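Contents: one structure, followed by commentary.
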Number of protein chains: 2
Amino acid sequence: MSQPIHLKNAGLKSTLPRLKVLNLFENGDERHLSAEDVYKKLLGSGDDVGLATVYRVLTQFEQAGLLVRHHFEGDKSVFELNQGKHHDHIVCIQCDRVEEFYDATIESRQRKIAAERGFSVQDHSLNIYANCTKLKCPNKRI
Amino acid sequence: MSQPIHLKNAGLKSTLPRLKVLNLFENGDERHLSAEDVYKKLLGSGDDVGLATVYRVLTQFEQAGLLVRHHFEGDKSVFELNQGKHHDHIVCIQCDRVEEFYDATIESRQRKIAAERGFSVQDHSLNIYANCTKLKCPNKRI
DNA sequence: ATAGGAATGATTATCATTATCGTATATGTT
DNA sequence: AACATATACGATAATGATAATCATTCCTAT
Ligand SMILES: [Mn+2]
Ligand SMILES: [Mn+2]
Ligand SMILES: [Zn+2]
Ligand SMILES: [Zn+2]
């Protein structure tokens, strides 16, 4: 757990919709949420914000460095709290559950490979799409 | 170079639009093409096909295993000829040029990481977004 | 050459996301 | 606390990529 984020420090006015969205990521049960996920969760808890605002806020939070955006194969973006530590993802094909991992070997190999070809890495995304072999897969939905 | 692909063998009727699209991938100068790229290239060479057909054919080719689809950060899908050998990509942020690489260590590490967590890898995508440090970057456009 | 099913292409629909714009609100100042 | 004003909100329209429709055209087997 890290210290609560203050929107002010991020250069963002502290508004109700922003606080609600931020709260979802800080205290919600899911780390990785799409705009639609956020919108529905807020509606579900009575806190209604406009869908346009959700999209706007997510993008603002991303630009402010509060959130990180991912593209997990498919059309919609997924966001998660930026805890400062880069990691990659395993996405379950059956239930969409997301598990995180970090592998120093993979990371350094990437840098090496890029360097050998005359590139300096700016960013990268590594997503593993897999099936649960263990029976912990509750099946369906993130 | 591999032997020319016969649509018949892929269970696909041999039609003009399909042959034109296939030809672009087999004899064109770009390995990685979006639907729009394909559409514009065909229009440019006088071979006009409908945009709907382009999308349909690309999806069919993907399902038939002739093409592989990638999602290089951003909204549009990119396709390339399936030459049977898996590889990952470095995408230049400045010119969108795509370079391919394969690293056995990274590949096996992925499998190991997934296995340790009870997953069996079905697929994965690893894209490195980087800047050319060498001056070979002609800047802009795939 | 013919027939019948599949493919094409113009168009419309869909889905995620962004842009508009009039109204509401946060925050610094009286 | 009431104000002023820049900003943010939210309903809705617009956009861009891709999928679905459907009447017409084209392969391919007879
Ligand atoms: Mn994560
Ligand atoms: Mn490739
Ligand atoms: Zn990584
Ligand atoms: Zn790989």
Side-chain angles (χ1 to χ4, degrees), chain A residues 5-24 32-64 66-79 96 141-142, chain B residues 5-24 32-64 66-79 96 141-142:
Chain A
I5 295 170
H6 285 176
L7 292 175
K8 297 282 181 59
N9 300 342
L12 294 170
K13 210 185 270 188
S14 180
T15 71
L16 261 307
R18 285 178 185 163
L19 289 169
K20 289 174 185 169
V21 171
L22 186 55
N23 178 60
L24 260 192
H32 306 87
L33 299 172
S34 68
E36 196 194 350
D37 291 336
V38 170
Y39 181 62
K40 287 185 176 166
K41 288 212 175 219
L42 291 180
L43 285 193
S45 58
D47 305 296
D48 52 310
V49 292
L51 180 56
T53 301
V54 169
Y55 276 101
R56 239 180 338 225
V57 170
L58 290 175
T59 300
Q60 286 162 172
F61 282 7
E62 183 197 9
Q63 288 166 344
L66 302 181
L67 296 180
V68 178
R69 181 195 298 256
H70 300 293
H71 300 284
F72 291 153
E73 183 106 355
D75 29 20
K76 54 186 66 168
S77 291
V78 171
F79 299 82
D96 289 344
R141 272 293 63 185
I142 204 166
Chain B
I5 295 169
H6 285 176
L7 292 175
K8 299 280 183 57
N9 300 342
L12 294 170
K13 208 185 274 190
S14 179
T15 70
L16 261 308
R18 297 218 263 235
L19 289 169
K20 288 174 185 170
V21 171
L22 186 56
N23 177 61
L24 261 192
H32 306 88
L33 299 171
S34 68
E36 196 194 349
D37 290 337
V38 170
Y39 182 62
K40 287 184 176 166
K41 288 212 175 219
L42 290 180
L43 285 193
S45 59
D47 305 295
D48 52 309
V49 292
L51 180 56
T53 302
V54 169
Y55 275 101
R56 241 180 338 226
V57 169
L58 289 175
T59 300
Q60 287 161 169
F61 282 7
E62 182 197 10
Q63 287 166 344
L66 301 180
L67 295 181
V68 178
R69 182 195 299 254
H70 300 293
H71 300 283
F72 292 153
E73 183 106 356
D75 31 18
K76 53 186 66 167
S77 291
V78 171
F79 300 81
D96 289 343
R141 273 294 62 186
I142 204 168

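Just so it is clear: chains get the letters A, B, ... in the order the sequence lines come, proteins before strands, and each one is counted from 1. Bear in mind that the values here come from a model prediction, so they are computed numbers and not experimental data.
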In this structure, how many angstroms lie between the [atom2] atom of [N] and the [atom1] atom of [X], rounded?
| X | N | atom1 | atom2 | value |
| --- | --- | --- | --- | --- |
| Gln63(A) | dT17(C) | CD | C1' | 14 Å |
| Leu19(B) | dC26(D) | CG | P | 15 Å |
| Leu7(A) | dC9(D) | CG | P | 10 Å |
| Glu62(B) | dT18(D) | CD | C1' | 13 Å |
| Asp75(B) | dC15(C) | CG | P | 18 Å |
| Gln60(B) | dA20(D) | CD | P | 12 Å |
| Asp47(A) | dG10(D) | CG | C1' | 15 Å |
| Glu73(B) | dT17(C) | CD | P | 13 Å |

Notebook entry, point to check: Which of residues 52-59 of chain A sit near DNA chain D, with a heavy atom under 4.0 Å from it?
Noted result: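 Under 4.0 Å from DNA chain D: Ala52(A), Thr53(A), Arg56(A).
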Rounded to the nearest 0.5 Å, what separates atom [atom1] in [X] from atom [atom2] in [Y]?
| X | Y | atom1 | atom2 | answer |
| --- | --- | --- | --- | --- |
| Arg69(A) | His32(A) | CZ | NE2 | 14.5 Å |
| Leu66(B) | Gln60(B) | CG | CD | 10.0 Å |
| His6(B) | Leu12(B) | NE2 | CG | 13.5 Å |
| Ser34(B) | His70(B) | OG | NE2 | 13.0 Å |
| Lys20(B) | Thr53(B) | NZ | OG1 | 10.0 Å |
| Leu7(A) | Thr15(A) | CG | OG1 | 7.0 Å |

Note to self: Measuring only between side-chain heavy atoms, which start at C-beta, is Glu36(B) closer than 4.5 Å to Lys76(B)?
What the structure shows: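 Contact flag for Glu36(B)/Lys76(B) side chains = yes.
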Notebook entry, point to check: Val49(B) versus Val54(B): any side-chain heavy-atom pair under 4.5 Å?
Noted result: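 Heavy-atom side-chain distance check passes, below 4.5 Å.
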Item checked: Shortest side-chain distance from Leu51(A), nucleotide among dT17(C), dA16(C), dT8(C) ->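 Side chain of Leu51(A) sits closest to dT17(C).
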Next item on the list: Under 4.0 Å between any heavy atoms, over every strand shown, what does Ser77(B) touch: base, sugar-phosphate, or nothing? Just pick one.
Entry: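 The answer is sugar-phosphate, as Ser77(B) gets under 4.0 Å only of primed atoms, P, OP1 or OP2.
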Note to self: Judged by each residue's nearest nucleotide on DNA chain C, which is more toward the 5′ side, Gly11(B) or Tyr39(B)?
What the structure shows: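 Closest to the 5' end, via its nearest nucleotide, is Gly11(B).
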Next item on the list: For a side-chain contact (heavy atoms from CB on, under 4.5 Å) with Leu42(A), tell me which candidate from Asp37(A), Asn23(A), Val21(A) qualifies.
Entry: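 The side-chain contact (heavy atoms from CB on, under 4.5 Å) with Leu42(A) is passed solely by Val21(A) among Asp37(A), Asn23(A), Val21(A).
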Mind listing the N/O atom pairs, protein and nucleotides 27-30 of chain C, below 3.5 Å?
residue	atom	partner	partner atom	Å
dT27(C)	OP1	Ser14(A)	N	3.2

